[in-house]
Amino acid sequence: MEDEIELKTAPADFRFPTTNQTRHCFTRYIEFHRCTTAKDEESNDCERFAKYYRALCPGEWVEKWNEQRESGTFPGPL
């Protein structure tokens with residue numbers, strides 16, 4: 001029997017009803033980093049936020065936001 005791969009994405013969020021998911025992506029990224037700050041980098045409680053933003057956000061955006069966070073120029077509220 002072959003191993004089946006299950007693909008999932010972030011669940012629908014009533015705050016973002018349109019097909020443009022840019023704001024949804026940004027919000028999930030912020031939620032993840034707020035969670036890791038409040039709990040712990042290794043906390044499993046934050047893993048669902050990580051899955052959501054990784055499913056929604058282009059890799060280039062995440063790389064840029066990570067660089068901005070490291071340099072202290074990230075535009076969002078963390």
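This one's a predicted model, so the numbers in the text were calculated from it and none came from an experiment. What you see below is based on every heavy atom in this structure, not just the backbone, and it leaves out hydrogens, waters and symmetry mates.
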> Supply the atom-to-atom distance T37 OG1 to R34 CZ, rounded to the nearest 0.5 angstrom.
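These two atoms lie 9.5 Å from each other.
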> Assign the ring pair H33 / Y53 to parallel, tilted or perpendicular, where the plane angle (0 to 90°) is split at 30° and 60°.
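Because their plane-to-plane angle lies in the 30° to 60° range, the rings of H33 and Y53 count as tilted.
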> May I ask you to say whether R54 pairs ionically with E47, meaning some side-chain N is under 4.0 Å from a carboxylate O?
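Looking at R54 and E47, the cut-off is met.
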> Would you say the side chain of P75 lies within less than 4.5 Å of the side chain of Q68, judging by non-hydrogen atoms?
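Yes; the side chains approach each other to less than 4.5 Å.
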> Could you go step by step and tell me if I30 and F74 meet the side chain to side chain contact (heavy atoms under 4.5 Å, CB included) rule?
CA-CA 10 Å; I30 290 172; F74 184 73; 4.2 Å; yes
> Could you check whether F49 and F32 have their ring centres less than 6.0 Å apart?
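No: the rings miss the under 6.0 Å criterion.
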> How far does NZ of K39 sit from CG of D45, to the nearest 0.5 angstrom?
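If I round to the nearest 0.5 Å, the distance is 4.0 Å.
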> Between W65 and F26, what is the ring plane arrangement, given parallel below 30°, perpendicular above 60°, and tilted in between?
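Taking F26 first and then W65, their aromatic rings stand perpendicular (interplane angle over 60°).
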> Under a 4.0 Å N-O cut-off, is there an ion pair linking K64 with E67?
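Result for this pair is no, no salt bridge flagged.
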